[in-house]
Amino acid sequence: GAGVSQSPSNKVTEKGKDVELRCDPISGHTALYWYRQSLGQGLEFLIYFQGNSAPDKSGLPSDRFSAERTGGSVSTLTIQRTQQEDSAVYLCASSLIDTQYFGPGTRLTVL
Amino acid sequence: GNSVTQMEGPVTLSEEAFLTINCTYTATGYPSLFWYVQYPGEGLQLLLKATKADDKGSNKGFEATYRKETTSFHLEKGSVQVSDSAVYFCALWTGRRALTFGSGTRLQVQP
């Protein structure tokens, strides 16, 4: 079946601009996660959605980052006023119970 | 808190050599343990998992056994191929929030 998809695959933006990254989870998966992978920082948890519960935002690095999940399915991660340190690969994952399945990621480059 | 420690890379092996990548963990409760693999330019793929002590996960010739007494989940393969060259991540999940990842180990297999 279809896996987790993310768009765009690559995004180049200028410092100070806002960006939106999209994630389509596996159908029926109730949990959705965003992670960030950057050189020297490894894999960093950002935010977690579980069903209709309030999201766990404890991993978001600043208030410039936000995310929403509409209808329990598609999620959008928004970064406002991007900075060069936001350059990274943003990974989305979904799960039903314990196993998380990852999308291919969005590579964000902030010039 | 939870943590995962992996051996430093890169690990460089000749084709058909035996592979071990060490992974130890610290966690409260009884975590599920995972190995993910990331091929160049791609997202993370689940390689194998184990959900309780003494379970052995296996896939594509790779194996790892959940050792509660030594809090370890070492990855092994009897005969590596050039196509196994990738970064391998050990991870744990306690049922709360996100996966906790190790820092990753790069494997390079030479023909």
Side-chain angles (χ1 to χ4, degrees), chain A residues 2-10 21 23-26 29-51 53-61 67 75 77 88-108, chain B residues 1-10 21 23-25 27-53 55 57-59 62 64 66 73 86-106:
Chain A
V4 178
S5 61
Q6 293 185 245
S7 60
S9 55
N10 280 286
L21 313 180
C23 172
D24 277 278
I26 293 172
H29 280 192
T30 55
L32 187 147
Y33 305 80
W34 284 97
Y35 296 86
R36 180 168 70 174
Q37 186 176 26
S38 50
L39 285 175
Q41 298 295 320
L43 281 150
E44 176 187 7
F45 163 72
L46 297 177
I47 188 168
Y48 160 48
F49 297 88
Q50 174 63 58
S53 302
D56 177 351
K57 306 178 182 180
S58 59
L60 294 178
S75 177
L77 177 69
V89 176
Y90 289 82
L91 293 168
C92 175
S94 70
S95 71
L96 190 56
I97 305 175
D98 60 349
T99 303
Q100 294 182 27
Y101 296 91
F102 284 79
T106 293
R107 181 175 296 278
L108 176 66
Chain B
N2 300 332
S3 67
V4 176
T5 302
Q6 288 182 236
M7 58 191 293
E8 291 282 335
I21 300 178
C23 171
T24 58
Y25 68 89
T28 53
Y30 303 95
S32 295
L33 301 175
F34 303 84
W35 278 100
Y36 284 87
V37 58
Q38 188 173 35
Y39 298 101
E42 298 184 14
L44 274 71
Q45 297 178 26
L46 176 68
L47 182 59
L48 53 85
K49 72 174 188 180
T51 57
K52 60 183 187 298
D55 267 2
S58 61
N59 185 26
F62 291 89
Y66 189 142
F73 193 54
V87 180
Y88 292 81
F89 292 91
C90 184
L92 68 83
W93 185 77
T94 59
R96 299 178 62 186
R97 217 180 74 172
L99 287 163
T100 300
F101 284 96
S103 56
T105 302
R106 181 176 301 278

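Chain letters run A, B, ... following the sequence lines, proteins first and then strands; every chain starts at 1. Computation of the quantities below employed the complete heavy-atom set of this structure, encompassing side-chain atoms and omitting hydrogens, waters and symmetry-equivalent molecules.
- In this structure, no portion of B:Ser103 lies under 4.5 Å from any heavy atom of chain A.
- Heavy-atom pairs under 4.5 Å with chain A were tallied for B:Gly43, B:Gly102, B:Ala91, B:Gly41; the largest tally goes to B:Gly43.
- No side-chain donor-acceptor contact under 3.5 Å links A:Ser95 and A:Gln100.
- The parts of B:Leu99 that come within reach of chain A are both its backbone and its side chain, each placing non-hydrogen atoms under 4.5 angstrom from that chain.
- For a residue to count as touching a neighbouring chain, one of its non-hydrogen atoms must lie under 4.5 Å from one of that chain's; by this rule A:Thr99 touches chain B with backbone and side chain alike.
- Side-chain rings of B:Phe89 and B:Phe34 stay apart, their centers remaining 6.0 Å or farther from each other.
- Comparing A:Phe45, A:Tyr33, A:Tyr48 by how many heavy-atom pairs each has under 4.5 Å with chain B, the most go to A:Phe45.
- Annotation: B:Tyr88 is in aromatic contact with B:Phe62 [ring centroid separation under 6.0 Å].
- To the nearest 0.5 Å, atoms OH (A:Tyr90) and OH (A:Tyr35) are separated by 15.5 Å.
- Between B:Lys49 and A:Asp98, at least one side-chain N (NZ, or NE/NH1/NH2) sits under 4.0 Å from a carboxylate O, which counts as a salt bridge.
- For the set A:Gln37, A:Arg107, A:Glu44, A:Gln50, the entry with the most heavy-atom pairs within less than 4.5 Å of chain B is A:Gln37.
- At a cut-off of 3.5 Å, with distance as the only test, no side-chain donor of B:Thr100 or B:Trp93 sits close to an acceptor on the other residue.
- Proximity to chain A (any heavy atom under 4.5 Å) is restricted, for B:Gln38, to the side chain, taken from C-beta onward.
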